[in-house]
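In what follows, chains carry the letters A, B, and so on, assigned in the order in which the sequence lines appear, proteins first and then strands, with residues in each chain numbered from 1. Just the heavy atoms: all of them, side chains too, but no hydrogens, waters or symmetry mates, feed the values below.
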Amino acid sequence: MPAITLPDGSVRSFDGPVTGTQVAAAIGPGLAKAALAMVVDGQMQDLARTIEADAALRFVTRKDPEALELIRHDAAHVLAEAVQELFPGTQVTIGPSIENGFYYDFARNEPFTPEDFAGIEAKMREIVARNAAFERIVTSRHEAMALFAEKGEKYKVELIQDLPQGETITLYKQGDWIDLCRGPHMRGTGDVGTAFKLMKVAGAYWRGDHRNAMLSRIYGTAWRDQKELDAHLHQLEEAERRDHRKIGKEMDLFHLQEEAVGSVFWHPKGWKLYRNIEAYMRRRLDAAGYQEVKTPQLVDRKLWEASGHWENYRPHMFIATVEDETERERVLAIKPMNCPCHVQIFNHGLRSYRELPMRLAEFGACHRFEPSGALHGIMRVRAFTQDDAHIFCEEHQIAEETARFVALLAGIYRDLGFADFRVKFSDRPEKRAGTEESWDKAEEGLKEACRLAGVEYELNPGEGAFYGPKLEFVLRDAIGRDWQCGTLQVDYVLPERLGAEYVAEDGSRRRPVMLHRAILGSFERFLGILIEQHAGRFPSWMAPVQVVVTTIVSDADDYARKAAAELEKAGVAVSLDLRNEKINRKVVDHIEQRVPVLAVVGRREAEEGTLVLRRLPGREQETMPLADAVALLKAEATPPDLAR
RNA sequence: GCCGGCAUAGCUCAGUGGUAGAGCAACUGAUUCGUAAUCAGUAGGUCCGCGGUUCAAAUCCGCGUGCCGGCACCA
């Protein structure tokens with residue numbers, strides 16, 4: 001006699017076990033039509049499942065947030081059926097719903113190409129039109145394995161083998177097609193609707209392991225209706241317009257070329273942007289008690305052996321040798337990190353506890369041999385400059401230093417236009433240096449520091465640095481990809497390996513703890529994200545060109561020169577546009593170049609000693625005396641830390 | 001690194017076996033114009049590289065390089 005409690009608090013009793021379909025029908029025909037699935041005591045299930053006992057029940061309709069997940073998961077099944085109908089012999093593996101869509105991994109000798117999409121999509125629409133019911137079948141491990149073995153579905157057999165003992169094994173059948181699946185699903189393939197689109201093909205390793213076979217993955221997107229799909233596609237186009245590689249080219253900020261793969265050629269405007277950010281960072285670090293240093297690019301192998309890099313990091317290091325006979329025995333490495341060098345500075349002289357925490361900062365140029373497939377614009381490169389620093393401190397100072405660091409980072413991110421960021425906590429990786437005790441201590445210390453600093457994080461197991469656990473501060477680019485920028489790492493290993501010590505209050509020699517930390521991460525990556533975040537329309541203080549002064553007639557050229565000179569004298573990055581073009585054209589060009597402010601002068605302004613300011617890409621104009629305009633533009637071009 | 005795609009003028013792109021094209025940019029000239037592209041002319045190419053097939057290759061095939069999308073990697 002189940003009594004079913006609905007979200008409005010009302011209770012409905014039934015004489016015996018009922019299915020969700022029956023409950024929905026009992027409530028009303030509208031709901032019966034709209035319900036796609038149900039949530040029973042917090043667990044999403046198929047509507048056709050039977051409710052035996054008292055329960056809280058809620059129906060999922062197309063309007064509910066869960067509907068998207070259902071639609072996408074069902075779409076993955078429809079895709080798999082379509083593919084197997086069109087390409088016999090293709091094996092199915094897994095096909096989950098993901099952010100904005102779904103994918104399915106297939107095993108097939110011949111990989112799919114985008115040309116196959118039209119045919120597959122047509123077949124999918126056919127399957128949706130058939131509206132075959134999703135039928136849930138509970139089976140035994142033995143039967144399930146026999147079924148898929150007979151079909152030649154080796155990957156499914158492997159999946160079943162690896163399911164934990166005691167796990168209920170369920171199959172879902174839609175028409176004649178059957179798949180191993182945990183569910184839940186909607187009523188039938190018709191519920192998927194037609195607002196889906198196949199997006200891309202990609203290789204993907206079976207079970208995400210590069211030692212396994214490469215499968216052929218098809219990505220798709222799916223939505224409630226056409227309008228949502230169109231909106232999503234439109235958003236993707238918008239994101240493409242923000243791509244830092246595209247904007248970098250349009251604004252002439254930088255380029256990359258074959259002879260220096262993974263290294264950025266910064267052009268004058270890009271470098272100006274870089275320097276604006278660098279100068280800002282330098283001021284913030286100075287104010288936060290850091291001391292800036294500079295350390296060598298090429299360092300003897302001996303130091304890397306001592307630090308553990310030679311053992312743990314060698315494949316990623318560029319090695320340098322020289323022709324000179326006398327130098328033959330000497331092997332140098334271009335530094336992939338700055339930490340060992342900073343320890344050398346710490347070690348140079350006897351340190352006292354009174355000097356701690358000692359914060360050594362460096363805009364350190366590093367080189368790492370990244371796998372070719374990992375390179376991405378200026379966000380993943382082989383040569384980059386970190387805003388690196390190492391804080392040498394006593395153990396009891398970790399918490400406070402963490403709190404100070406997080407506060408500094410959050411303030412800087414806010415100034416640079418990032419109000420939101422995520423924090424991940426990465427603990428000990430498989431390949432690591434140091435003892436279990438030191439890892440225990442480092443992980444505990446960092447967690448405790450997070451508690452005290454009020455930092456909330458997601459766990460990221462096994463992803464720490466080889467010398468210590470880390471916090472990762474993650475920002476998202478225009479295309480929705482996440483990038484680690486800031487980081488904070490607790491390290492007991494390097495001070496030990498490189499023999500760092502200080503004299504404690506009681507006169508004994510002790511090992512400092514080392515905190516590795518970066519806020520931007522690397523300038524290259526961060527500037528890439530910054531470009532996308534602002535779509536190239538930087539706040540004036542960052543912009544490489546803050547104001548363009550231009551003319552309507554050449555009679556105003558002299559006055560334009562004077563105005564530009566005044567602005568320059570005030571420290572505003574100004575450029576002059578005296579081209580023999582119509583003003584309309586100049587406006588378009590400078591909008592395209594994403595100049596924040598256009599100052600226009602004609603005969604009238606020259607006579608009256610004024611400037612007409614137009615904030616691009618806006619249309620409004622504002623006329624004011626030259627001196628006022630200079631003062632205003634100067635104020636607007638002042639970096640936020642100097643304006644406070 | 002792996003799977004797939006792509007590579008033509010400075011940029012964006014057309015050109016599927018028969019004498020390399022367009023728009024924009026550049027350069028020259030005209031035009032002096034009041035806020036989203038003034039007009040005309042000129043010049044510009046190892047069609048990514050190497051090899052092969054063919055009477056003939058930007059085009060077909062192989063190898064290499066780079067880029068793009070994923071996967072793996074990301075101290």
For residues A:Arg108 and A:Gln91, determine if any side-chain heavy atom of one lies less than 4.5 Å from a side-chain heavy atom of the other.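 SC-SC contact between A:Arg108 and A:Gln91 ruled out.
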Using side-chain heavy atoms (C-beta onward) and a distance below 4.5 Å, is A:Ile120 in contact with A:Val83?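 Side-chain contact under 4.5 Å: yes.
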Sticking with atom [atom1], work out how far [N] lies from [M], rounded to a whole angstrom.
N	M	atom1	answer
B:A9	B:C24	C1'	12 Å
B:A14	B:G23	C1'	11 Å
B:U16	B:C2	P	33 Å
B:A43	B:C6	P	35 Å
B:A20	B:A56	P	16 Å

Students often get this wrong, so: under 4.0 angstrom with heavy atoms, is A:Lys470 touching a base, only sugar-phosphate, or nothing?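 Since only primed, P, OP1 and OP2 atoms lie under 4.0 Å of A:Lys470, the category is sugar-phosphate.
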Is A:Arg382 close enough and on-axis enough to A:Phe369, meaning under 6.0 Å and within 45°, for cation-pi?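 Checked: cation-pi criterion met.
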How does protein contact run along nucleotides 62-71 of chain B, one letter per nucleotide 5' to 3', with B for base contact, S for sugar-phosphate only, - for none, heavy atoms under 4.0 Å? ---SSSSBBB
Would the number of heavy atoms belonging to other residues, nucleotides or ligands and lying under 6.0 Å from CD of A:Glu620 be above 12?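 Counting other residues, nucleotides and ligands, CD of A:Glu620 stays at 12 neighbours or fewer.
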Looking only at side-chain atoms of A:Ser554, point me to the closest of B:C73, B:U32, B:G5.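 Nucleotide nearest to A:Ser554's side chain: B:U32.
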Selected nucleotide, minimal atom distance to A:Arg585 side chain, candidates B:A72, B:A25, B:C74: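 Output: B:A25.
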Below 30° counts as parallel, above 60° as perpendicular, anything between as tilted: where do the rings of A:Phe346 and A:Phe392 land?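 Parallel: the ring planes of A:Phe346 and A:Phe392 meet at under 30°.
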Please report, rounded to the nearest Å, how far the C1' atom of B:A36 is from the CD1 atom of A:Ile591.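 Taking CD1 of A:Ile591 and C1' of B:A36, I get 5 Å after rounding.
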Interface with RNA chain B, restricted to residues 598-622 of chain A and to heavy atoms under 4.0 Å: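 Those residues are A:Val600, A:Gly602, A:Arg603, A:Arg604, A:Glu605, A:Val612, A:Arg614, A:Pro617, A:Arg619, A:Gln621.
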Under a 4.0 Å N-O cut-off, is there an ion pair linking A:Glu305 with A:Arg301?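 The answer is yes: the pair qualifies as a salt bridge.
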With sequence neighbours left out, write down each residue that passes ring-ring contact (aromatic ring centres under 6.0 Å, His included) with A:Phe196, or none if nothing qualifies.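 ring-ring contact (aromatic ring centres under 6.0 Å, His included) list for A:Phe196, sorted by chain: empty.
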Pairing annotation in dot-bracket form, given for RNA chain B with Watson-Crick or G-U pairs under 3.5 Å and | for cross-strand partners: (((((((..((((....[..)))).(((((.......))))).....(((((..]....))))))))))))....
Set of side chain to side chain contact (heavy atoms under 4.5 Å, CB included) partners for A:Val381, sequence neighbours left out: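 Listed in chain order: A:Val264, A:Phe384, A:Glu524.
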Set out, line by line, the N/O atom pairs under 3.5 Å between protein and nucleotides 7-16 of chain B.
{"from": "B:U12", "atom 1": "OP1", "to": "A:Lys249", "atom 2": "NZ", "distance (Å)": "3.0"}

Side chains of A:Arg561 and A:Tyr559: any donor to acceptor distance under 3.5 Å?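 The criterion, which ignores hydrogens and geometry beyond distance, is not satisfied for A:Arg561 and A:Tyr559.
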Only one of A:Arg579, A:Lys586, A:His590 forms a side-chain hydrogen bond (donor to acceptor under 3.5 Å, both in side chains) with A:Thr550, so which one is it?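 Result: among A:Arg579, A:Lys586, A:His590, A:Lys586 is the only option passing the side-chain hydrogen bond (donor to acceptor under 3.5 Å, both in side chains) with A:Thr550.
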Indicate whether OP1 or OP2 belonging to B:A36 is found under 4.0 Å from a side-chain N or O atom of A:Asn584.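 Result: yes.
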